[in-house]
Amino acid sequence: MNFCKRTHNCGELNIKNEGEKVTLNGWVSKTRDLGGLFFIDLRDRYGITQLKVLPENKEVYDIALRLGQEFVISASGNVIKRESINKNIPTGEIEIEVNEIEILNESEIPPFVIEDDVKAADDLRLKYRYLDLRRKILSDNLILRNWVYQIVHKYFEKHDFVEVETPVLMKSTPEGARDYLVPSRVHNGKFYALPQSPQLYKQILMVSGLDRYVQICKCFRDEDLRADRQPEFTQIDLEMSFVDQNDVFEILEGMFFEIWKDIKGIELPAGFRRMTYDEAMNKYGSDKPDLRIKGGMEIENISELVKGSDFKVFSDAAASGGIVAGIKLQSKEVTRKIIDGLTEFVKKSGFGGLGYLKFNEDGTVQSPIVKFLNEEITNNIKSTFSCAGGDTVFILSGEKMKVLQTLGQLRLRLAEDFDLIDETRYEFLWVIDFPLFRYEEEEKRFYAEHHVFTMPKDEYLKFLDSSDKDEIESIRANCYDLVLNGHEITSGSIRIHKPEIQKKVFSIIGLTDEEAKMKFGFILEAFKYGAPPHGGAAVGFDRVIAILCGLKSINDTIAFPKTLKASSLMDECPSEVATVQLDELGIELKKKK
RNA sequence: GGAGUCGUAGUUCAGUUGGUUAGAACGCCUGACUGUCACUCAGGAGGUCGCGAGUUCGAGUCUCGUCGAUUCCGCCA
C-alpha cells in the first residue's frame, strides 16, 4: 500500500521547524470544528501535534469533516507558528497547516475515550488493552521498562556476567509454589513444569564453571494473585561463584545505583542499610519494613514495664510467654471513631481489643486501661516512647510474632491514614540473617524458609544435628532480601555446596535420601563433581519498574497482564481445547460436579 | 478456600422508605460557529438496571444463588 510516510513524529516539531513542509502519521485524538476552521489533535507515542485545516482547501476540509476518533491518517503541510499558543504541550507553539490528508484506516467508535485520565473500569481496559496502551501515560511505562532492561544488560555485561537462557520446560519440583504444568504428548501421563525460577539451572551453571550468570527471565507461579503478583512475572536472575553475601550485595547495589542514576537522576548511597531479620521483626513487625514513615514509628516491647500491672490482659500475656508491645502515633488528633476503626482492624487478626494511651497536651492521660496501670508504669511507657502532649501509644499483647506482625500492619495503616509516608524517598534496605527453617504447626514439620539449598550461617552449623525445635528454629541463614519502600524487590542466598550439609538440611525437613534423590537427584549428582561455593539472587523486575513509575500495582508495567483470576480478558485465555488435543496428550477431563 | 467493595446508556456515575414514563455528564448523530486546544451553542438518538431464582399487588432498590472485576487474608520468590 502506498501512502505518504511521515517525515517527523507527533512529539518533535517545535518553533525551530517553522516553515518546513512535513508529513505526520498518527491517530486522530480529537477534532475541534469551529465552522470556518478545523483543528485535529494528531497522536502517536511521541506526543500530540495540532493540525489546522481551512475550508478554502475544500478537498482536504471535506475529508477532515469525516474524521472520527482513532482514525489513522497521514497529513502533510507546513509548520507554522500558532496564533494562540498552548503551553501545556511541547509542540504547543506550532501547528501544521494541512494541504493534504489521507485516511489510512478508519476506526469504529472506541469503547472508551483514550485520554491520560482514563475513566474506564479495569476489565474494559484489559479487554481493549491495545487501546489502553495508546495512552502515553501507559506506553511510557513500557518504554521506561525497556530502558531499565538495557541498563541491566549493559551493567552485567560490563561485570563479566554471561546471559544464559535456561529451559522453560523443566522438571516439576514439589517445594515452593504450585507449578504450572505442561503435559507431554510424547510421554503420555508425564508433565513438564514452567519454572518458578531457574534456580536449579543457575546453580548447575556454577558447577559448569560459568562463574557469573544473569538472565532476565519469565517465571511462573500458579498461586492466587495480588496487586503486586502476576501468574507470570519477570525477574533478573543472577548467580555468582566464589562469593560471599557481600559480593552479591555489591553487584546488586551497583546495578540499582546505575538504574536510579540513569532513570531518576538520583545518586543512591554506595552501600545500602542492613538490618537483621530479627531486628526488622522486633522494630517494624515485618520482614520488609517501610523506612519512609515519618518519625520511624518503631515498635517498643514494654513487657517488662507492665509485668506487674493489675491489667490482667497484660500480665497474663507476659506470664504465658507472650509480649506486650506498642507503637506511637505522634501528635495527631485521634478520635473515638479512629480508635474504633483501628480496634476493628486488630480484631481481624484475632486480638480482643486495642489498648491505647492518649497523652494530652495538659498532661492528663486518656485511656480505658490507665486505671489498671499505676502512675509509675504510665510514666515509664511515656518515657519509653518519648511521648509528648498530643501523642498516642497503641498497645497489643499476646503471642510474640502475632503481636509484632499486627503492630507492623497497624504501623502501615496509621502511616496510610495519617499520610506519614514520604513519597519522595527511596529507602533501600538489606534484610539479612533470615531463619533457615519455618515450623508448620499443622503438619508438625519444618519447611525451608527460602529454599532447600540455602546455606546456614557458620555459627549455626552445629544446630543442624540438633533435635530441639527451638534450636533448629534459631538457625539463621546466609539468606537476604532487598527491601525498597516496604516492597521486597530482591531475594537470594548463598547456597549449600557441600553434600554433608545438604544431607542434614534434607533430614530436618523430613526428606529421605530416596525422596531427595527423586526430587533433586540431578543437582545432587552435579554437586558431586566439584561444586564451587556460590550464591545469587533474583530481582522482582516488575516491582522495580512499578516503583520507578510510581505505581501501586505491577499490572501497568506489563503489556498484557492477567486479572486476579489469572485470565486474560483480551485473548480470553485460559480456554477449552479440542478433544483431539486432549487425546494426543492422553488426558481425560473429570466431569464437572 | 475466606472476608470486603463494585456491577444501571458506548463510558463514568446518580437513583430517597420498594411505587407512575430510570436521570446527569462525557462520548455518539444532526445543525450553527474563523483561533480552538475539556471549543462553544441548539437539537437528537441511545437502557435485558451483570445473569438466575425468590419475597411482594409492585423490585434498579429487599433475600438467596451465580458470573465478572478489584482489595485484603490464607497461599506465594
Side-chain angles (χ1 to χ4, degrees), chain A residues 29-42 48-56 61 65 68-70 80-89 91-92 95 97 108-128 131 175-179 195-199 219-231 233-237 287-288 344-345 348-350 405-406 409 412-413 434 442 447-451 454 479-482 487-493 536-543 552-553 555 562-565 567 569:
Chain A
S29 179
K30 199 148 213 179
T31 57
R32 288 177 294 280
D33 182 0
L34 273 63
L37 192 56
F38 196 96
F39 294 108
I40 301 162
D41 285 343
L42 194 67
I48 285 179
T49 300
Q50 177 167 281
L51 312 179
K52 177 172 78 166
V53 181
L54 293 165
E56 291 84 84
Y61 194 75
L65 291 177
Q69 278 188 50
E70 302 309 317
I80 60 168
K81 188 174 192 295
R82 285 199 199 184
E83 279 179 37
S84 46
I85 287 166
N86 182 353
K87 286 179 182 142
N88 298 321
I89 56 172
T91 62
E95 63 196 358
E97 195 170 42
E108 286 190 15
I109 295 159
F112 55 89
V113 181
I114 295 162
E115 52 195 343
D116 280 353
D117 188 19
V118 75
K119 305 218 168 51
D122 292 333
D123 43 352
L124 198 71
R125 290 176 51 206
L126 285 173
K127 182 173 178 196
Y128 299 96
L131 296 181
E175 299 284 321
R178 198 176 291 119
D179 282 325
Q196 298 170 26
S197 85
Q199 183 64 38
C219 301
F220 306 84
R221 286 178 197 154
D222 189 4
E223 296 293 345
D224 287 349
L225 310 185
R226 290 286 189 284
D228 61 351
R229 265 165 31 192
Q230 281 275 311
F233 61 98
T234 303
Q235 67 181 36
I236 306 170
D237 194 43
D287 60 0
K288 45 180 181 182
E344 194 58 36
F345 183 70
K348 278 183 193 157
S349 301
Q405 281 170 0
T406 307
Q409 288 164 10
L412 294 178
R413 161 89 188 245
F434 271 78
E442 284 172 21
Y447 275 90
E449 175 76 34
H450 183 63
H451 60 63
T454 306
C479 182
Y480 36 82
D481 280 359
L482 181 61
H487 300 276
E488 179 203 307
I489 58 164
T490 298
S491 185
S493 63
V539 179
F541 193 68
D542 312 280
R543 288 182 186 175
K552 285 221 161 69
S553 158
N555 286 23
K562 295 190 171 48
T563 70
L564 272 194
K565 290 229 169 90
S567 50
L569 299 179

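The sequence lines fix the lettering, A, B, ..., with proteins before strands; numbering per chain opens at 1.
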key: Whole-angstrom distance between B/C6 and B/U40, as gauged at atom C1'   = 36 Å
inquiry  = Both distances below 3.5 Å, Watson-Crick or wobble geometry, any strand: find the nucleotide opposite B/G68.
reply    = B/C6
inquiry  = Please report the distance separating the C1' of B/U61 from the corresponding atom of B/G1, rounded so that it comes out in whole Å.
reply    = 32 Å
task = Assess whether one donor atom and one acceptor atom, taken from the side chain of A/Glu108 and the base of B/G10, lie less than 3.5 Å apart.
result = no
query = Any idea which of B/G35, B/G27, B/U11 is nearest the A/Val113 side chain?
reply = B/G27
note = Regarding the side chain of A/Arg32, the nearest nucleotide among B/U11, B/A69, B/U36 is B/U36
C1' atoms of B/G58 and B/G18, separation to the nearest Å = 8 Å
Base B/C75 to side chain A/Arg229, donor-acceptor N/O within 3.5 Å cut-off = yes
message = Using the C1' atom as the point on both nucleotides, what is the distance between B/G46 and B/G10, in whole Å?
response = 9 Å
query = Ion pair present between A/Asp224 and A/Arg229, side-chain N to carboxylate O less than 4.0 angstrom?
reply = no
key: Aromatic stack A/Phe112/B/U11: centroid gap under 5.5 Å, interplanar angle under 30°   = no
key: Out of B/U36, B/A69, B/G10, whichever nucleotide has its closest atom nearest the side chain of A/Asp123   = B/A69
ask   = The side chain of A/Ala177 lies closest to which of these nucleotides: B/U36, B/C76, B/U70?
value = B/C76
Nearest-neighbour nucleotide for the A/Leu34 side chain, B/U34, B/U70, B/C37 considered = B/U34
query = With respect to the side chain of A/Arg226, which nucleotide from B/C39, B/G74, B/C76 is positioned closest?
reply = B/G74
message = Side chain of A/Arg82 only, heavy atoms from C-beta on: which candidate in B/C37, B/A69, B/C75 is closest?
response = B/C37
inquiry  = Say we look at B/U36 and B/G23: how far apart would their C1' atoms be, to the nearest angstrom?
reply    = 31 Å
ask   = Between B/C75, B/U11, B/G35, which nucleotide gets closest to the side-chain atoms of A/Glu223?
value = B/C75
query = Quick one: does NZ or CZ of A/Arg413 land under 6.0 Å from the six-membered ring centre of A/Phe345, within 45 degrees of the ring axis?
reply = yes
Base B/G35 paired with A/Lys52 side chain (donor-acceptor, <3.5 Å) = yes
ask   = Looking only at N and O atoms, is any donor in the side chain of A/Ser349 or the base of B/C73 less than 3.5 Å from an acceptor on the other one?
value = no
